[in-house]
Structure formats: C-alpha cells, structure tokens
K.L.:
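Provided herewith is a single structure, encoded as structure tokens, for subsequent inquiry.
These numbers come from the heavy atoms of this one structure, side chains and all, not from hydrogens, waters or symmetry mates. Residue numbers start from 1 in every chain, and the chains themselves are labelled A, B, ... in the order their sequence lines are given, proteins ahead of strands.
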Number of protein chains: 2
Amino acid sequence: MNQELELVETIDKLSGFIETLQTQLLSGDLKGYTLRQLYYIELINKHENISVSELAKMLDVKKSTISIAINQLIKRNIVTKNQSIIDKRFYFLQLTPQGKDIMKIHMKVHNDAIKQILKILNQKEVEYFIKTVNKITHPNKKRALNKYRQIT
Amino acid sequence: MNQELELVETIDKLSGFIETLQTQLLSGDLKGYTLRQLYYIELINKHENISVSELAKMLDVKKSTISIAINQLIKRNIVTKNQSIIDKRFYFLQLTPQGKDIMKIHMKVHNDAIKQILKILNQKEVEYFIKTVNKITHPNKKRALNKYRQIT
DNA sequence: AATAATAGTTAGTTAGATAAAACTATTTAT
DNA sequence: ATAAATAGTTTTATCTAACTAACTATTATT
C-alpha cells in the first residue's frame, strides 16, 4: 500500500480517536453540558476576567451569541459576571466553585486519556509522536480558537 | 516540561489540526453542504445500494432522521433512490453523477492535506507516525461510525 | 385469510447555536 | 454639551439535527 493512502487512513483514525475522546468527555459527570459550554468554561478558566466581547472576538461570533450562552451558564451557577468599576460597560467573567469543579473533571478526563496512551507507547515513541505532530501542526501557528466546533 | 503535559498539548494540537481540515472541507467548492451531508454522501459512495434503515442503524439514529436527510439530498440531485423489485419496501440509495463529483472534491481536499504533510515529514517520520497512531487507535477496534459528529 | 413485522414517510416538536436589529447604559471625542 | 462609539442585552428569526408517533405500503408468519 502506498504511503499516501496509509496516511489518509491514519488521519481518519485520528479523527475517530479524537471523536472518541469527545464522546467520553460528554458522558459521565459532564453529561449535562454541551461541548460549546465546556469550551466557554475552559476559556473563562484560562482567561480569568475576560469580557463578553473579548470572548466573541476570540470565537468569531456575535456578542449576542456569547451573551445568551454566558447568561445560561450564570443561571446554572457556573459563571459569575462582575461589573468593572473603572468602566461600567464591562463585565468580567469568572468561574464559580462549581465551574471550577467542571473544569477539574474536564481535565481529569483528558489526563486519563493521556495515561492510557502512555501505557501503550514507550518513551521514544511518545517523543517522536510529539515531535511529528508539532511539525505537522506548526504551520498553522494560530491555533484555531474554535476548536470545539465540528470536525472532519 | 513533563511528558504527560506535553502529550495533552499535542492531542490538543491534533484536535485543532483536524478541525482545520474540516473547515477547509466546508469552504471552497463544498461550501453549500453540511458535514453530515458529506458524510451521508461518503457512506452511500462506500456502500452502494445501502437502504435508509441500514444507514440509520450504522449511524445509530432514527429512520425518520435519515429519511428526511436523504430526501433533501435527492431534491438536490445528489442521491437517487430505487425501489427494490424483490422487496418493494426497500429503496436502494446511489449517488448521482453530481454526488460522485462531490465525493471526488471531498477526496481531493483530503489528499491535498496529505500532500502537505508529506512535504513536511520525511519517509521515516511518516512511517513512525502511522505506526504510532495505529498503536494508539488500535484498542478501539470498532471505528466509530459517527465520525462526523462534533469533536473535543 | 388474518395478523405481525418491516421499510420508509410525514407531521409535529425540541434543543442548540447562530444572526440581525433595536435597545440601554456608559464612556470618549469633538 | 452633544454626538459618536462601545459593551452588553433582548427580541425575533433561522438552520441543523435530532426525536416521537402515527401513518402507508409491502412482506412474512401463523
């Protein structure tokens, strides 16, 4: 079999693998959330005190979209919104303790998956794998912010 | 940096990479179609003369869902439906020439992506990469049929 | 021949994600 | 001080993808 065809299949397998991770993520303790919600939570965790419009820019969607999504999370006690004292038009977003718990579970699912991989691969293989993926993904330096969208 | 953390990032990069492929797929000549539609087209291409209920089983969704989706594709002249002579309850699905064109474009986008990768990696790297991915993905022998769903 | 099961359709509904446009409140610029 | 810009909200509407349930047509079973 030629290498090109094999690579097509490999990429296909990778898609499937990543999709499996996603399915795992959405079952178990995070069943009640959508991918999109988990992604919002992740972004707010990463960029504490981010604003609605910054989120909108990051994700390249309208403010209204974010506003609605965030207010849902606020209703569910996952996010809080604090008005800026300096400029009262701004609201800073933060995770509640419950939001942080969700984040922890999310990371645990990821880490568990990684541990599975580390069981299968040896040191050298992991090294090469990381190097190769870096080589492949490096050209797209700007890591897509919409990573929680659908995938091929 | 410890290897576990690096792997987490690597998987993240891979997600982004695959998502980029997907975005590429849905722009350009295939702009007018959804991922789900392209997946139906792919399945019908692969399993010529498949029936609506077989598709439904494959994808683990209700027949009505498939029925509606397929009839949309028929309206758009991408798929044809031929009643079985032996058992008139069954209809065999096939791609029209237009449907086959879509499939060709779809595959071309994939192949172009692969060519990009082959430019970046050398022979050995490709070999190792394929091997490693096989190792990682092998445990999940049943390749998810829902691969066109959302991904982590 | 009557009843079960199967394939596919149709109608109606729901959920999620998005957008446009009109709006309020606030700050900045002229 | 007035006008313009900005942050965020709300309303209305759209699209996709899925579901349930009732339906028709056809075939298989008893």
Side-chain angles (χ1 to χ4, degrees), chain A residues 19 22-23 26 30-41 43-44 47 49-76 78-94 145-151, chain B residues 19 22-23 26 30-41 43-44 49-76 79-94 145-151:
Chain A
E19 184 233 326
Q22 182 187 276
T23 304
L26 294 182
L30 298 178
K31 211 177 298 177
Y33 305 97
T34 66
L35 263 193
R36 212 63 186 157
Q37 286 174 330
L38 293 181
Y39 190 31
Y40 292 136
I41 293 168
L43 284 179
I44 294 169
H47 308 97
N49 291 325
I50 196 171
S51 71
V52 169
S53 24
E54 281 170 324
L55 265 180
K57 261 180 221 155
M58 261 192 186
L59 292 159
D60 193 25
V61 294
K62 297 292 160 196
K63 285 185 300 177
S64 57
T65 301
I66 300 293
S67 177
I68 291 164
I70 294 301
N71 284 323
Q72 275 170 6
L73 292 177
I74 290 171
K75 254 182 224 150
R76 292 179 70 170
I78 292 161
V79 168
T80 56
K81 196 170 60 178
N82 306 300
Q83 193 171 30
S84 163
I85 309 168
I86 309 161
D87 185 337
K88 285 178 185 166
R89 288 172 302 182
F90 282 86
Y91 292 82
F92 299 136
L93 303 176
Q94 282 175 320
L145 274 159
N146 281 329
K147 67 165 176 164
Y148 282 78
R149 285 211 174 140
Q150 286 180 317
I151 294 215
Chain B
E19 183 233 326
Q22 181 188 276
T23 304
L26 294 183
L30 299 177
K31 212 177 299 179
Y33 305 98
T34 66
L35 261 195
R36 213 59 186 160
Q37 286 174 328
L38 292 180
Y39 191 31
Y40 292 136
I41 293 168
L43 284 179
I44 294 169
N49 290 325
I50 196 171
S51 70
V52 168
S53 24
E54 282 170 324
L55 264 180
K57 263 181 221 155
M58 260 192 186
L59 293 159
D60 193 26
V61 294
K62 298 292 161 194
K63 285 184 302 177
S64 55
T65 302
I66 300 294
S67 177
I68 291 164
I70 294 301
N71 284 322
Q72 275 169 6
L73 292 176
I74 290 171
K75 254 183 222 148
R76 290 179 71 171
V79 168
T80 57
K81 197 171 58 177
N82 306 300
Q83 194 170 30
S84 163
I85 309 166
I86 310 162
D87 186 337
K88 286 178 185 166
R89 289 173 301 182
F90 282 84
Y91 291 83
F92 299 137
L93 303 177
Q94 282 176 320
L145 275 157
N146 281 330
K147 68 164 173 162
Y148 281 77
R149 285 210 175 140
Q150 285 181 315
I151 293 213

K.L.:
Can you give me the closest heavy-atom contact between A/T34 and A/L26, atom names plus distance?
P.N.:
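What the structure gives for the nearest pair is C-CD2, 4.2 Å.
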
K.L.:
In this structure, how many angstroms lie between the P atom of D/dA25 and the NZ atom of B/K81, rounded?
P.N.:
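About 14 Å, once rounded to whole Å.
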
K.L.:
Quick check: any donor-acceptor pair below 3.5 Å linking the side-chain of B/S53 to the base of C/dT6?
P.N.:
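Flag unset: no donor-acceptor pair detected.
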
K.L.:
Can you tell me how far apart CG (A/L55) and CG (A/L93) are? Round to the nearest 0.5 Å.
P.N.:
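CG of A/L93 is found 6.0 Å from CG of A/L55.
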
K.L.:
Can you measure B/K31 atom NZ to D/dC15 atom P for me and round it to whole angstrom units?
P.N.:
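Atom NZ in B/K31 sits about 18 Å away from atom P in D/dC15.
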
K.L.:
Please report how far the helix from C/dA5-D/dT26 to C/dT30-D/dA1 bends, comparing the axis fitted to its first five pairs with the axis fitted to its last five, to the nearest 10 degrees.
P.N.:
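Angle reported: 20°, given to the nearest ten degrees.
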
K.L.:
Let me spell it out: for each of A/I68 and B/I70, pick the nucleotide of DNA chain C with the closest heavy atom. Which residue's pick is nearer the 5' end?
P.N.:
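Closest to the 5' end, via its nearest nucleotide, is B/I70.
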
K.L.:
Could you give the CZ-to-P distance, from B/F90 to C/dA5, as a whole number of Å?
P.N.:
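Computing the B/F90:CZ to C/dA5:P distance gives 16 Å.
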
K.L.:
Of the listed nucleotides (D/dT9, C/dA17, C/dA19), which one gets closest to any side-chain atom of A/V61?
P.N.:
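Side chain of A/V61 sits closest to C/dA19.
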
K.L.:
So, using side-chain hydrogen bond (donor to acceptor under 3.5 Å, both in side chains) as the criterion, who are the partners of A/T65 when residues are at least two apart?
P.N.:
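Checked A/T65 against side-chain hydrogen bond (donor to acceptor under 3.5 Å, both in side chains); zero matches.
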
K.L.:
Do any pairs count as a salt bridge (Lys or Arg N to Asp or Glu O under 4.0 Å) and have a residue in residues 79-92 of chain B, sequence neighbours left out, and if so which ones?
P.N.:
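Sorted result for residues 79-92 of chain B: B/D87-B/R89.
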
K.L.:
Kindly write out the residues that satisfy side-chain hydrogen bond (donor to acceptor under 3.5 Å, both in side chains) with A/Y33, not counting sequence neighbours, or none if the list is empty.
P.N.:
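Testing A/Y33 for side-chain hydrogen bond (donor to acceptor under 3.5 Å, both in side chains), a comparison that skips the adjacent residues, returns none.
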
K.L.:
May I ask you to verify if any side-chain N or O of A/S51 is less than 4.0 angstrom from the OP1 or OP2 atom of D/dG8?
P.N.:
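Result: yes.
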
K.L.:
With syn defined as a glycosidic torsion within 90 degrees of 0 and anti otherwise, which applies to D/dA18?
P.N.:
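In terms of base orientation relative to the sugar, D/dA18 is anti.
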
K.L.:
Using the test side chain to side chain contact (heavy atoms under 4.5 Å, CB included), find all partners of B/S64 that sit at least two apart in sequence or belong to another chain.
P.N.:
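Applying side chain to side chain contact (heavy atoms under 4.5 Å, CB included) to B/S64 gives B/K62.
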
K.L.:
Rounded to whole angstroms, how far apart are NZ on A/K62 and C1' on D/dT11?
P.N.:
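The answer, rounded to whole Å, is 17 Å.
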
K.L.:
Which part of the nucleic acid, if any, lies within reach of B/K63 when heavy atoms closer than 4.0 Å are counted: base, sugar-phosphate only, or nothing?
P.N.:
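Base contact.
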
K.L.:
What I want to check is whether an N or O donor and acceptor connect the side chain of A/S64 with the base of C/dA20 at under 3.5 Å.
P.N.:
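Side chain to base: pair found, below 3.5 Å.
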
K.L.:
Please list, chain by chain and in numerical order, all residues satisfying side chain to side chain contact (heavy atoms under 4.5 Å, CB included) with A/Q72, sequence neighbours excluded.
P.N.:
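Once residues adjacent in sequence are excluded, the partners of A/Q72 under the side chain to side chain contact (heavy atoms under 4.5 Å, CB included) criterion are A/Q37, A/I68.
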
K.L.:
Indicate whether OP1 or OP2 belonging to D/dA7 is found under 4.0 Å from a side-chain N or O atom of A/K57.
P.N.:
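So the side chain of A/K57 is outside the cut-off, no N or O lying under 4.0 Å from OP1 or OP2 of D/dA7.
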
K.L.:
Quick one: A/Q72 CD to D/dG8 P, roughly how many Å, whole number?
P.N.:
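Distance check: A/Q72 CD to D/dG8 P gives 17 Å.
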
K.L.:
Could you grab the distance from atom CD1 of A/I85 to atom CD of A/Q83, nearest 0.5 Å is fine?
P.N.:
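Here the interatomic distance stands at 9.5 Å.
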
K.L.:
Not counting sequence neighbours, which residues clear side chain to side chain contact (heavy atoms under 4.5 Å, CB included) with B/A56? List them please.
P.N.:
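Once residues adjacent in sequence are excluded, the partners of B/A56 under the side chain to side chain contact (heavy atoms under 4.5 Å, CB included) criterion are B/K63, B/I66.
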
K.L.:
Nearest whole Å is fine: how far is D/dC19 C1' from B/I66 CD1?
P.N.:
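Going from CD1 in B/I66 over to C1' in D/dC19 covers 13 Å.
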
K.L.:
Between atom CG in B/L26 and atom C1' in C/dT18, what is the gap in whole Å?
P.N.:
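Taking atom C1' of C/dT18 as the reference, CG of B/L26 is at 16 Å.
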
K.L.:
Would one find a side-chain N or O of A/T65 under 4.0 angstrom from OP1 or OP2 of C/dA19?
P.N.:
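True: A/T65 side-chain N/O within range (under 4.0 Å) of C/dA19 OP1/OP2.
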
K.L.:
List for me each residue that meets side chain to side chain contact (heavy atoms under 4.5 Å, CB included) alongside A/E54, sequence neighbours excluded, and say none if there are none.
P.N.:
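Side chain to side chain contact (heavy atoms under 4.5 Å, CB included) check on A/E54 returns A/I50, A/S51.
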
K.L.:
Nearest to the side chain of B/S67 - C/dA17, D/dA17, C/dG8?
P.N.:
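Of the options given, the side chain of B/S67 lies nearest C/dG8.
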
K.L.:
Using nucleotides 23-30 of chain C, report all nitrogen or oxygen pairs with the protein that are shorter than 3.5 Å.
P.N.:
{"residue": "C/dT27", "atom": "OP1", "partner": "A/K88", "partner atom": "N", "Å": "3.0"}

K.L.:
Describe the nucleic acid contact of B/Y33 in one word from base, sugar-phosphate, nothing, applying a heavy-atom distance below 4.0 Å.
P.N.:
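Answer is nothing: B/Y33 stays at 4.0 Å or more from every strand.
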
K.L.:
What is the distance from CG of B/L59 to P of D/dT16, rounded to the nearest Å?
P.N.:
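Value for this atom pair: 18 Å.
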
